[in-house]
Enquirer: 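Below: one structure in structure tokens.
Chain letters run A, B, ... following the sequence lines, proteins first, then strands; residues in each count from 1.
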Amino acid sequence: MRNSKPLIALPAALFCVSLLPGCAVGPGPDPWEKTNRAFYNFNDKLDRYALKPVSDAYVKVTPQVVRTSFSNALDNLLYFNVILNDFLQGKFGQGLSDSGRMAANSTAGLGGLFDIATPLNLSSHDNDFGITLATWGVKPGPYMVLPLMGPTTARDVPGIGVGIACNPMTWINPPLAANLSVGALTILDGRSRVENEFKFRNTAAIDPYLFTRDAYMQYRDGLINDGKPKTGPSIYDEDFGPATAPAATAATAPATQPGK
Amino acid sequence: MQRFPHFPLVALPLLAAAIAIGAPVPATAPGSPRAIVDQVTQQAVAVMADTTLKAEQKHQKVMQLANDNLDFSTLAKLSLGLYWRDLDAAKRAQFVPEFKQHITNTYAHLIDQYTDEQVNVTGERHEPDGDDTVLTSIIGDKDGKRQEVAKVEYRLRKQGDAWKIIDVTIDSISLATNFRSQFQEIMSNGGIDKLIQLLHDKNAAASAENK
């Protein structure tokens, strides 16, 4: 046991250091905001000048039915991650249903190209190791934006590794060309599926970084709570004071100040 | 008839009730939160699906629905949080119209994105503070199938004798909460003038884009 500790700690420490190139740690849920914003801007530029044009071209030249089949196959390929975390969270019914889903789609669905499971009442679920950690009581920790990967939290970072370990492509060690093709397709598919969300962000956000951070946190909370309403104090309970506004202050309305 | 010997006994009162009202019995009481959300969403879908209307006409009609049923002032308060209490009347009068214009532009964008989605009211939740949340499901085309593409919740509050929508939550993301986390940080860094300026710039960019 004494020997195994550094083996785990070292990569973790290196990883943390690589994320924090000399940034100051501030208070609140986003202590690394400065670094996060830098990576956010980097990701945004990368998206605008590289990913979006390629993704738009992909959507244009590839028929919907083919794109759907690719989406299905990639979802299916990564579905072992969902099943594992169903069981880790003690959701045995959902774990069995998701196992049946993956089995049906991998076989009769021709390697996942066709989603035959949904009409059989084996609908798809979102699940990952970050949600498992949350159900085990782990707090989200600092918000992070990773280069290329986007928003996450300290709690969700280990899930990236678990997701990779659960990907059959990792087990079978395929030739480089196959790995690259699947990787490229995963990026194209993922980007094309969030186009509407990105458009909405561009319209709705006053500060896109803050919009994305809050949307990510609320969305993850929704997945963790299984869509159940939050308990405890809420923004709806606040008292906004009397209906009439307070008198103008000197700074905002100098005209009302006599003797000047 | 043998299997339903009491059929006329059951049917008669129902029939009488239907005739008395002079219309099919509504599923929910008129004016209830559920009825309002059902009506507003069905009317909005009808407008958006109407191919005889131009984009500008659709914007106007949907915004009319929003004006009648959405309480912008409460949404603005929820979005600013406790900062609202310290704003004087002049700043409130500057902030609320810019905020409303921003919401309007966001609606216009969503209207332009409409393809063939339908809205179903799926449930209702009575909140402990007296508010009422109506749950809806948006059905559209996703991955080549007709299925749920989003869950949208409308939170309503009784203002006087009418229920008004005070927040919209899309797939667990509450708009008021989202605006609040943006506004808190902008307010703490640059104050209300900075926030009004940002809203103003965003609205100016949106109106330039539409021309």
Side-chain angles (χ1 to χ4, degrees), chain A residues 28-30 33 64-65 67-69 71-72 75 114-115 118-119 123-124 193 196-197 199-200 202-225 227 229-231 234-249 251-253, chain B residues 74 77-82 84-93 102-103 105-106 108-110 113 125 127-129 131 133 141-145 147 149 151 153 155 157 166-167 169-186 192-193 195 198-199 201-202 206:
Chain A
D30 191 3
E33 179 168 348
Q64 170 78 59
V65 56
R67 277 185 283 130
T68 299
S69 290
S71 294
N72 289 341
D75 284 350
F114 300 97
D115 176 12
T118 300
S123 57
S124 77
R193 284 159 94 171
N196 283 341
E197 282 81 353
K199 275 189 185 154
F200 182 73
N202 294 343
T203 312
I206 302 301
D207 180 328
Y209 171 80
L210 298 176
F211 174 96
T212 305
R213 182 179 81 194
D214 177 80
Y216 180 78
M217 303 298 267
Q218 286 202 65
Y219 182 72
R220 293 295 292 175
D221 277 347
L223 289 179
I224 290 160
N225 297 327
K230 272 174 260 174
T231 51
S234 82
I235 64 165
Y236 306 105
D237 304 330
E238 274 164 6
D239 175 17
F240 291 105
T244 49
T249 58
T252 50
Chain B
T74 300
K77 285 181 201 171
L78 291 173
S79 302
L80 267 181
L82 294 178
W84 174 266
R85 290 203 292 208
D86 304 329
L87 290 192
D88 63 47
K91 293 297 171 196
R92 288 183 185 180
H102 175 60
I103 304 276
N105 296 339
T106 307
H109 166 81
L110 289 175
Q113 295 283 307
R125 196 169 62 228
E127 305 291 352
D129 62 359
D131 288 353
T133 300
D141 291 318
K142 188 170 86 173
D143 299 340
K145 287 184 293 284
Q147 56 177 310
V149 291
K151 284 188 169 66
E153 301 182 4
R155 191 178 182 110
R157 182 169 288 179
I166 59 162
D167 191 15
T169 298
I170 306 165
D171 282 335
S172 317
I173 302 169
S174 133
L175 285 188
T177 308
N178 188 282
F179 276 126
R180 176 180 294 217
S181 28
Q182 294 182 67
F183 292 177
Q184 295 287 315
E185 191 163 322
I186 295 167
I192 186 66
D193 291 323
L195 178 56
L198 284 172
L199 280 166
D201 293 348
K202 183 92 190 172

Enquirer: With a 4.5 angstrom heavy-atom cut-off, which part of B:S174 approaches chain A: side chain, backbone, both or neither?
Expert: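 For B:S174, backbone and side chain are both near chain A.
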Enquirer: Can you tell which part of A:R220 gets under 4.5 Å to a heavy atom of chain B, answering side chain, backbone, both or neither?
Expert: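 No part of A:R220 comes within 4.5 Å of chain B.
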Enquirer: Does any backbone or side-chain atom of A:Y236 lie under 4.5 Å from a heavy atom of chain B? Answer side chain, backbone, both or neither.
Expert: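 Both parts, backbone and side chain.
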Enquirer: So which residue, B:T133, B:I166, B:T177, B:L87, ends up with the most heavy-atom pairs under 4.5 Å with chain A?
Expert: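 Most pairs with chain A among the choices: B:T177.
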Enquirer: May I ask you to name which of B:D167, B:L80, B:I186 has the most heavy-atom pairs under 4.5 Å with chain A?
Expert: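 Top count of heavy-atom pairs under 4.5 Å with chain A: B:D167.
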Enquirer: Tell me, please, which residues at least two apart from B:D171 pass side chain to side chain donor-acceptor pair (under 3.5 Å).
Expert: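 Side chain to side chain donor-acceptor pair (under 3.5 Å) check on B:D171 returns nothing, list empty.
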Enquirer: With a 4.5 angstrom heavy-atom cut-off, is it the side chain or the backbone of B:Q182 that approaches chain A, or both, or neither?
Expert: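 It is both, since atoms from each part get that close.
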Enquirer: Let me confirm one number: the CZ-CG distance from A:F211 to A:N202, rounded to the nearest 0.5 Å.
Expert: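 So the gap between those two atoms works out to 9.0 Å.
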Enquirer: Side chain, backbone, both or neither: which part of B:R85 has an atom under 4.5 Å from a heavy atom of chain A?
Expert: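 B:R85 touches chain A through backbone and side-chain heavy atoms alike.
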Enquirer: What's the verdict on salt bridge (charged side-chain N to carboxylate O under 4.0 Å, His left out) for B:K151 and B:E153, showing C-alpha distance, side-chain angles and the deciding distance?
Expert: CA-CA 7 Å; B:K151 284 188 169 66; B:E153 301 182 4; over 6 Å; no
Enquirer: Where on B:D131 is there a heavy atom nearer than 4.5 Å to chain A: the side chain, the backbone, both, or neither?
Expert: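 Contact with chain A is through the side chain of B:D131 alone.
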Enquirer: Which atoms of B:A108 come close to chain A, meaning under 4.5 Å heavy atom to heavy atom: side chain ones, backbone ones, both, or neither?
Expert: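 For B:A108, no heavy atom lies under 4.5 Å from chain A.
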Enquirer: Hey, is A:D207 close enough to A:R213 for a salt bridge, meaning N to O under 4.0 Å?
Expert: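 Result for this pair is no, no salt bridge flagged.
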Enquirer: A:Y216 versus chain B, heavy atoms under 4.5 Å apart: side chain, backbone, both or neither?
Expert: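 Looking at A:Y216, nothing touches chain B.
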Enquirer: Select one option (side chain, backbone, both, neither) describing which atoms of B:K77 are under 4.5 Å from chain A's heavy atoms.
Expert: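 It is both, since atoms from each part get that close.
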